[in-house]
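Reviewing the structure listed below.
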Amino acid sequence: MRHLKPCQIVIAVLATLPAFAHSAPAAPKGASATLAVLETTDLHSNVVGYDYFKLAAEPSIGLDRTARLIAQARAEFPNTVLFDNGDTIQGNALADWQALVKPLRCDQTLGIYKVMNALEYDGASIGNHEFNYGLAYLSQVTGSRFKVAGVDQPKRCAGPVFPQVLANVYSARTKQPLFSPYRIVEKKLSAHDAHGKPITATVKVGIIGFTPPTIMSWDKRWLEGKVYTTGVREAALKYIPEMRKKGADIVVAIAHGGLDANPYTPQMENAGWYLAQVPGVDAMLLGHSHQLFPNAASTAPQFNLPGVDKAKGLVHGVPTVMANLWGKHLGVIALQLKADGKRWTIEKDKTVVEARAAQNADKRFVAADPAVMELIRAEHEATIDYVKTPVGTTDFRMTTYFADVGDPSALQVVNAAQTQYVQNYIAANLPQYAKLPVLSMSAPFKSGLAGAFDFTDVPAGNLALNNAADLYLYPNALYAVKIDGAGLKAWLETSARRFNTIDPSKSTTQELVNATVPSYNFDTPTSQEISYEIDVTQPPGARIRKLALRGVPVAPGQEFIVATNNYRASGGGNFPGLDGSKTILASPDTSRDVLIAYVRDVKKLSRATHGSTRSWRFTQVRTAGPVVFHSAPGMLELAREAGLDNVREAQADDGLGKGFALYELDLSK
C-alpha cells in the first residue's frame with residue numbers, strides 16, 4: 001500500500017478498476033517475463049496487529065504487516081497479481097462488531113475489504129467461514145445479488161472492487177453458481193522479447209475458486225435448502241476448459257482447503273491433492289488448514305504425501321503455496337513465463353515458490369503500514385469500546401495453557417452456561433426429555449496454533465465482552481443432541497485423538513499432543529456427574545476407560561442430552577453419529593450470547609463452582625522416557641492452581657522458534 005490519505009486511497013483504487021479490461025499487445029514468440037502470484041489466506045478479519053481479547057497490540061499478526069510484504073514483493077518483481085484465499089470476513093471481535101453489533105449499512109464497505117481494495121487485490125475466493133453470518137450478510141458485504149430463498153437484497157451494496165470467484169456452490173433456486181465460478185484478469189506485463197529487448201505485453205490470468213463442500217454441514221442452519229455444493233474436482237473439470245477456451249494463459253486455482261490423499265469424494269474437505277491432478281491447473285493457492293507451505297521442516301501429514309514436495313512447494317508438479325494464517329506470511333509463486341507465439345506458457349523448472357514471513361530472522365517483525373490503521377481506525381476503536389462492556393467478575397484466572405492436560409478453568413463456565421440453557425429449554429418445551437441427564441461439551445478453541453500468545457487468558461477481576469469472546473471464539477449457535485451411551489463413548493474417543501499413542505517402554509522423548517488434530521475438536525465435559533479416563537497408551541478408538549454417570553458405568557443404550565454447537569451437531573469434525581439427525585434443539589442464540597447471559601445472571605464466578613471440575617483423567621502409567629507438550633513459558637503456577645501436580649517446565653524455550661516452553665507430563669501421577 002502506498003502511504004496515502006484515506007480519500008486518496010479511494011481515488012487510487014477507483015482509478016485502477018479499468019485495468020481488469022486493459023489490453024496490451026500479445027507477446028511475440030520467444031518473449032519472456034516473470035509473474036509473481038501473491039497470496040494471503042485465512043486473515044479472519046485480522047486487519048491490524050491487535051488482540052481484541054487481551055486489548056493489546058500483537059505484532060505477530062495483521063494485514064497491516066502483510067501489506068509491507070506485499071509492497072516489498074511488488075518492488076522486487078516487475079509483474080505481480082495479488083489474490084486472497086478466503087476466511088476473510090470472520091474471526092475476531094472486529095468482524096463480530098461489524099456483522100452482529102452494529103451491522104453495516106448497504107452503502108458501507110466492510111473494514112477488511114476497504115483495506116484490500118486499497119491494497120489493490122486482483123481477486124479472491126470464498127472460504128467456509130464467509131458463510132458463518134448467513135447468506136444475507138455475505139450477499140451484502142460482497143456486493144453480490146444472491147438469488148436464493150430468504151435473501152432479500154433489493155440493490156447491490158458496497159463491497160470489494162476486485163472479483164470474487166467460487167465454482168462449487170450453487171443456488172438451489174436457480175441452479176447457477178452463487179458467485180462467478182471464475183474470472184479472467186488481464187494484466188500488463190513488463191517483458192523481454194527473444195532478443196532481450198524490453199517490451200510491454202498482456203497476460204490473461206484465470207482464477208477459479210473452491211470452498212469445502214462440508215459448509216453444508218457446518219453452516220446447515222444458514223444454507224440448507226438455499227444452496228448446494230459440488231465436489232472440487234468436478235467443478236474444476238467443468239470450468240477450467242471454459243477458461244482456456246476464453247483465452248486464459250494461466251489458470252490459478254484458489255482452493256480454500258488443504259491436501260488429503262484418502263479416496264476422493266465430492267464431499268472432500270481438503271481436495272487440493274486431487275485438484276492439482278486436474279489438467280490445466282498451472283498454480284494452486286491453498287488455505288483453510290492454517291499451515292505453512294512450502295516448509296521443508298513441516299511434519300504435517302498432508303505435506304508428506306506422495307507427489308508433494310514440501311521443500312520446493314510442488315503438488316504433483318504444480319507450484320503451490322499456503323500462507324499460514326492471520327497475515328503471518330505472504331505466499332509467493334514466481335512464475336517464469338515464455339511466449340510460444342499464441343499464449344504464455346510456464347517454465348516449471350525455473351518457477352520458485354516461497355512463503356515469506358512477517359517475522360525476520362532476528363525475531364523482530366516487519367513494521368506495520370500505518371495507512372492500514374488510518375483506513376480502519378473508526379471501526380477498530382469502536383470495537384475496543386464495545387468489547388470493554390462489563391458483564392461480571394471472576395475470582396480466578398481462566399486459561400487454556402494446560403487444557404490439553406486437564407485444566408478446566410476456561411471450559412467449565414461455558415459448559416455450565418450451555419447446560420443451564422438446555423435444561424431450561426427442555427423444562428419449558430420438551431418435557432419428554434425431562435428425565436434424561438444433560439451434559440455439555442466444549443473445547444479449548446485457542447491452544448497456541450498462531451504462536452505462544454494464542455491461548456485463552458482471562459485474568460481474575462472484572463469480566464467484559466472481550467473476555468467472553470476469548471472464552472468462546474466462534475459465533476456458533478447452541479444446539480443440543482440426543483445420543484446413547486455408545487454414542488457418548490464414540491464422541492469422547494474421537495476427542496481423544498488429540499493425543500499421540502504413547503509407548504511406555506520408550507526411553508526417548510514422546511510428544512503428547514497430536515498437532516494434526518485441532519484443539520477445537522478436543523471436546524470435553526466438565527461435570528461432577530460424568531467421569532472417565534483417557535488411556536494414551538492405547539490406539540485411537542480404544543482409549544476411553546471407566547466411563548461412568550454418577551459412579552455407575554454408562555450402558556451402551558443409556559440416553560443423554562448433550563449441549564454443543566451447530567458445527568459439531570451438524571457433522572463438523574467427523575464425530576461418529578453426529579450428522580444433524582440427532583438434533584433436538586437448534587437454538588437461535590449463539591453459545592457466546594448464552595455464556596454472556598449466564599455470567600450476567602450469576603454475576604460472580606468462583607473457581608470452586610466454575611473452574612475446578614474435571615470429568616476426565618489420564619490413565620496412570622509409568623513411562624521409561626519423558627512425555628512432553630508445548631505451551632507458553634512461565635505458566636507453571638497456573639498448572640498448580642488447577643491441581644495439576646504432574647506437570648513441570650522442562651525448558652523455558654523449546655527451541656522451535658515460536659516462543660513456546662517445553663513442559664513434561666508425568667503420567668504415573
Side-chain angles (χ1 to χ4, degrees), residues 1-4 9 12-13 16 19-20 32-43 46-49 59-86 88 112 115-125 162 185-192 203 205 207 250 252-254 282-287 292-295 312-314 319-337 344 346-347 350-362 364-372:
M1 178 186 290
R2 304 173 184 89
H3 296 286
L4 304 174
I9 293 174
V13 170
T16 68
F20 290 122
S32 61
T34 300
L35 175 67
V37 179
L38 312 180
E39 183 211 35
T40 57
T41 187
D42 294 274
L43 292 170
N46 286 285
V47 189
V48 295
S60 70
I61 63 175
L63 184 55
D64 53 350
R65 282 182 168 76
T66 327
R68 291 283 190 186
L69 301 181
I70 293 168
Q72 290 168 6
R74 284 172 169 165
E76 177 182 351
F77 296 103
N79 310 299
T80 62
V81 284
L82 173 61
F83 302 123
D84 183 70
N85 188 284
T88 307
I112 194 163
V115 173
M116 293 170 77
N117 285 344
L119 285 168
E120 299 178 12
Y121 274 71
D122 294 287
S125 188
F162 48 86
V185 179
E186 291 192 20
K187 295 289 289 187
K188 289 177 62 176
L189 286 179
S190 296
H192 292 87
V203 64
V205 182
I207 55 173
I250 298 163
V252 178
I254 310 177
D282 293 313
M284 193 162 62
L285 310 182
L286 299 179
L292 187 64
F293 185 83
N295 178 8
K312 293 183 178 179
L314 301 173
T320 301
V321 75
M322 185 189 293
N324 210 340
L325 79 165
W326 298 359
K328 286 174 162 291
H329 288 77
L330 177 71
V332 180
I333 301 178
L335 298 172
Q336 303 303 312
L337 306 182
W344 290 102
I346 298 172
E347 297 184 283
K350 296 181 180 178
T351 291
V352 177
V353 185
E354 58 183 326
R356 299 183 173 184
Q359 186 176 28
N360 298 318
D362 62 4
R364 291 185 299 176
F365 296 94
V366 299
D369 188 329
V372 173

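Keep in mind that the numbers below use all heavy atoms, side chains included, and drop hydrogens, waters and symmetry copies.
Across all their heavy atoms, G287 and T41 have their closest contact at CA-OG1, 3.5 Å. Of all heavy-atom pairs between N360 and F365, the closest is ND2-C, 4.3 Å. Between G327 and A358, the shortest heavy-atom distance links the atoms O-CB, 4.2 Å. Across all non-hydrogen atoms, the minimal contact from A355 to L292 is CB-CD1, 3.5 Å. The shortest heavy-atom contact between T80 and A73 is CG2-O, 4.1 Å. Of all non-hydrogen atoms in K187 and V81, the two that sit nearest each other are CG-CG1, 3.5 Å.
Considering only heavy atoms from C-beta on, L35 comes within 4.5 Å of V205 through its side chain. V321 is listed as a side-chain neighbour of P294, based on a closest heavy-atom distance under 4.5 Å. Residues L335 and T34 form no side-chain contact, since every pair of their non-hydrogen atoms from C-beta on lies 4.5 Å or further apart. For the pair M116 and L63, the minimum side-chain heavy-atom distance is below 4.5 Å. A heavy-atom distance below 4.5 Å is found between the side chains of K328 and S60. Side-chain atoms of L337 and I250, non-hydrogen and from C-beta on, do get closer than 4.5 Å to each other.
Evaluation of the salt bridge (charged side-chain N to carboxylate O under 4.0 Å, His left out) rule for D282 yields R244 as partners, not counting sequence neighbours. Listed by chain and number, the residues in a side chain to side chain donor-acceptor pair (under 3.5 Å) with D362 are R364 (sequence neighbours excluded). Residues that satisfy the side-chain contact (heavy atoms from CB on, under 4.5 Å) test with D64, not counting sequence neighbours, are V48, A368, V372. In this structure T40 satisfies the side chain to side chain donor-acceptor pair (under 3.5 Å) test together with D84, Y121, sequence neighbours excluded. D42 meets the side chain to side chain donor-acceptor pair (under 3.5 Å) test with H290; sequence neighbours excluded. For A253, the side-chain contact (heavy atoms from CB on, under 4.5 Å) partners at least two apart in sequence or on another chain are I208, F210, L275, V281, M284. Residues forming a side chain to side chain donor-acceptor pair (under 3.5 Å) with E347 (at least two apart in sequence, or on another chain): none. Listed by chain and residue number, D309, K312, P319 satisfy the side-chain contact (heavy atoms from CB on, under 4.5 Å) test with L314 (two or more places apart in sequence, or in another chain). Every residue meeting the ring pair (Phe, Tyr, Trp, His ring centres under 6.0 Å) condition with F293, not counting sequence neighbours, appears here in chain and number order: F303. For A357, the side-chain contact (heavy atoms from CB on, under 4.5 Å) partners are H329, not counting sequence neighbours.
Here the straight-line distance linking atom CZ of F83 with atom CG of L285 works out to 7.5 Å at 0.5 Å rounding. A distance of 5.5 Å separates CH2 of W344 from CG of L189, quoted to the nearest 0.5 Å. Atom CD of Q72 is separated from atom CD1 of I70 by 10.5 Å, given to the nearest 0.5 angstrom. Residue Q336 holds its CD atom at 6.0 Å from OG1 of T351, rounded to the nearest 0.5 Å. Taking CD1 from I333 and OG1 from T320, the interatomic distance works out to 6.0 Å, rounded to the nearest 0.5 Å. Once rounded to the nearest 0.5 Å, the distance linking CD1 of I112 with CG of L43 reads 4.5 Å.
When each of L82, L69, T66 is paired with L38, the side-chain contact (heavy atoms from CB on, under 4.5 Å) condition holds for L82 and for no other.
A distance-only check finds no donor-acceptor pair linking the side chain of E39 to the backbone of N85 [under 3.5 Å]. Checked by atom type and distance alone, the side chain of R65 pairs as donor or acceptor with a backbone atom of P59 at under 3.5 Å. Side chain of R356 to main chain of L330: no donor-acceptor pair is present (N/O by atom type, distance under 3.5 Å, no hydrogens or angles).
With respect to R74 and E120, no salt bridge is recorded, no charged nitrogen being found less than 4.0 Å from a carboxylate O.
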